[in-house]
There are 4 protein chains.
Amino acid sequence: MAVSREQILDAAIRHLNASPTASMAQIAEAAGISRATLHRHFSSRDDLVVELGRRALDRWERAQDEAGIAETGAGPADLRATLMALIEGEVGVAEEHGFTLTVETTSEELLARSAELERRELAFIEACQRAGVLRSDLPAVWVSSSIYGLLVALRESLRRGEIAPREATRLMVESFLRGASDKGDLS
Amino acid sequence: MAVSREQILDAAIRHLNASPTASMAQIAEAAGISRATLHRHFSSRDDLVVELGRRALDRWERAQDEAGIAETGAGPADLRATLMALIEGEVGVAEEHGFTLTVETTSEELLARSAELERRELAFIEACQRAGVLRSDLPAVWVSSSIYGLLVALRESLRRGEIAPREATRLMVESFLRGASDKGDLS
Amino acid sequence: MAVSREQILDAAIRHLNASPTASMAQIAEAAGISRATLHRHFSSRDDLVVELGRRALDRWERAQDEAGIAETGAGPADLRATLMALIEGEVGVAEEHGFTLTVETTSEELLARSAELERRELAFIEACQRAGVLRSDLPAVWVSSSIYGLLVALRESLRRGEIAPREATRLMVESFLRGASDKGDLS
Amino acid sequence: MAVSREQILDAAIRHLNASPTASMAQIAEAAGISRATLHRHFSSRDDLVVELGRRALDRWERAQDEAGIAETGAGPADLRATLMALIEGEVGVAEEHGFTLTVETTSEELLARSAELERRELAFIEACQRAGVLRSDLPAVWVSSSIYGLLVALRESLRRGEIAPREATRLMVESFLRGASDKGDLS
DNA sequence: TATGAATGAGTCTTCATTCAT
DNA sequence: AATGAATGAAGACTCATTCAT
């Protein structure tokens, strides 16, 4: 019963999330195949890592598309809904492809795609700011970055079992949108 | 022109922040000394990493102490000021000792100290929640984690030069306390 | 043309007998393989040395067993024959596994086995003394040690080509049993 | 209170006897001086080892001279006394300079001197054989070698504390001259 | 003279990768 | 297609030795 390329990638990301410096031998073992076979599927380690990165970017892109962040001319209400959907989607990305968010790669292709997705995300955030959905006194680039940071925190908290998986999205949204300050504080 | 232990550590952290898997040879070169000399100061790689971790924890502890998070019986106003001071201090830690926040170590000592500092931080956050300074509908452990995540984002944004260093603390505090949502959104 | 584990061990002992501090690189070269391949067979230097020690102890144990030193209740004649067979067997061990006789190891297993074989040998020597086959005015432990010493001498003489291999056993037995003094000396 | 060259050599041989692969650092520590100082006395490791070898050869030569093995024209009784004195002297050499007996050196000087002393010893043994003091049916070179082997055994037994130091010479002489066989065996 | 500091060369070990079956 | 065997390159660490004080 041959192990498919997809199954190998699944095993690889699971293992690399647990120990990011895992060797090809360890990944192969985790996938239940020999080192040589792993190399038949991915000619080099970089090849494998790039493929994992590609999958993560695919997933991220899908999250953006499914949320519909490119839909122009939307009103505040729509934008708010889109924003929620986007974050929800990205929580999923973080949970499944966590480690590749920070992967060091030299692949031009991945860097370019990643930059493009960031650009789209940034444009969306700026649209939200113009529409009064998000604060305008914070640089859009920082708002974008803060999502990334909170996703890192989320992944870590989930990994440690400190928060319930079903709570993940709510906590993420609350912290991102409203912050930790008590409401009385704002009055 | 002898290179002091402290200078080596400074060079090491600078280099390791840039590339966390740097070899001893690369670290040595970055410090302007030979591999062998680096080994004279830190008998093993782990030794060096543990020392860096110790420094980061020292700095973190100092941030907690200087903010005064252990001062019990403080009123809401005091707690708010302390919280601000704490975050400000931690921004400094993230800027200078960034990478070690996520360092994987086997050192019992470091793990124990780290756990203790987390515990103190958590207790402080809970105090803030009881005093109505921070929201109570978010688990304290998640609030703590979100600080960590935002610090990661901050470090990354600074590294990329996307935000002005002088803005760092303000952005951090705003995102953490009030979130990215426009105020009109809350009304 | 794969080199078997056994062949590597043979090459290793040959080389280590000649230069006991030989590096893994030298041993690998002597075995006609690369350093990395040597490490595939023996994960560490200690592993290799322990394996060599094990082989030597196996051989020694076989020498004891084949001589039949454990046969209790034997008469003087039998004991004398057994003693001769034992020494003969040990000459073989010294010739083939010489260096490991003095190898420094940390392996509990080897130390324990070695101690056990020494104990058996000692018990046999004591039996020979009780039966009047060996002198009783020399401590058994010294008699045992003197065998060891003469084997070292034998190996050295053979290595230098000073004595004929076919003479080895005779010289060993003569020196051990009767000493170098002229018989007239004893009258 | 400066440590004299002689004291360093004493410490060195003591330490090297215990662990023959000791590093310069360990030897220096054993001598109570720094590595650099050790190097001021002996410019290289080989230098130190050669010096130790020289001392051992000096001691051996003295043993030969004091026993008087070069005295030609001696009768059997004299030869026997000389032989005893020689062995007694060599026991002392083994006790004090043990390890250097097997030291690997490239020093031409030492090899030449060692060969010369062996030659003298061999000539003496042959003289003993001709005079009927030692058996003639064993090659002189093997008789010589057996002395060496028994000295190794003696050193080992002493190191392990298996025999009493005061017994050393007697055991050595008995084993060398008369062997381990019970006298009844010879009748 | 004595020594702390520095280092080039060498050792063991691991890893990604290739090859022959 | 799959894999056991083999290896070059690289990394951590040690050692003998030199240098500056």
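Because the structure is a prediction, the values reported are computed rather than measured. To find a chain, count down the sequence lines: A is the first, B the second, and so on, and within it residues start at 1.
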Got a list of side-chain donor-acceptor pairs under 3.5 Å for residues 48-55 of chain C, not counting sequence neighbours?
from	atom 1	to	atom 2	distance (Å)
C/Glu51	OE1	C/Arg54	NE	3.4
C/Glu51	OE1	C/Arg54	NH2	3.2
C/Arg54	NH1	C/Glu109	OE1	2.5
C/Arg54	NH1	C/Glu109	OE2	2.8
C/Arg55	NH1	C/Glu6	OE2	2.9
C/Arg55	NH1	C/Asp10	OD1	3.2
C/Arg55	NH2	C/Asp10	OD1	3.0

Send over the distance from [X] [atom1] to [N] [atom2], rounded to a whole Å.
X       : N      : atom1 : atom2 : result
C/Gln7  : F/dA5  : CD    : P     : 14 Å
D/Arg5  : E/dA2  : CZ    : C1'   : 16 Å
C/Ile33 : F/dA6  : CD1   : P     : 7 Å
A/Asp47 : E/dC15 : CG    : P     : 20 Å
C/Leu48 : E/dC12 : CG    : P     : 10 Å
B/Ile8  : E/dA5  : CD1   : C1'   : 11 Å
C/Glu29 : E/dT11 : CD    : P     : 12 Å
C/Leu38 : F/dT7  : CG    : P     : 11 Å

Worksheet entry | For DNA chain E, stems built from three or more consecutive Watson-Crick or G-U wobble pairs below 3.5 Å | E:2-21 with F:2-21
Worksheet item: Who pairs with D/Arg35 by side chain to side chain contact (heavy atoms under 4.5 Å, CB included), at least two apart in sequence or on another chain?
Response: D/Ala25
Worksheet item: side chain to side chain contact (heavy atoms under 4.5 Å, CB included) with A/Ala30: which residues, sequence neighbours excluded?
Response: A/His15
Discussion item. Any carboxylate oxygen within less than 4.0 angstrom of a Lys/Arg side-chain nitrogen, looking at D/Glu95 and D/Arg155?
Written reply: no
Practice prompt. List the atom of C/Trp60, the atom of C/Leu117, and the distance in Å for their closest heavy-atom pair.
Written response: CE3-CD1, 3.6 Å
Item to complete: Spell out protein contact along nucleotides 8-21 of chain F as letters: B when the base is contacted, S when just the sugar-phosphate is, - when no protein heavy atom is under 4.0 Å; keep the 5' to 3' order.
Response: B--SSBBBSBB---
Item to complete: Please tell me if the side chains of B/Ser114 and B/Leu110 come closer than 4.5 Å, counting only heavy atoms from C-beta onward.
Response: no
Worksheet item: Would you say A/Met24 and A/Leu38 make side-chain contact, with heavy atoms under 4.5 Å?
Response: yes
Fill in: B/Glu118/A/Arg160 under salt bridge (charged side-chain N to carboxylate O under 4.0 Å, His left out): CA gap, chis, key distance, verdict
CA-CA 14 Å; B/Glu118 281 181 35; A/Arg160 293 195 192 191; 2.9 Å; yes
Discussion item. Going by the rule salt bridge (charged side-chain N to carboxylate O under 4.0 Å, His left out), which residues pair with D/Asp58 if we only count those two or more places apart in sequence or in a different chain?
Written reply: D/Arg113
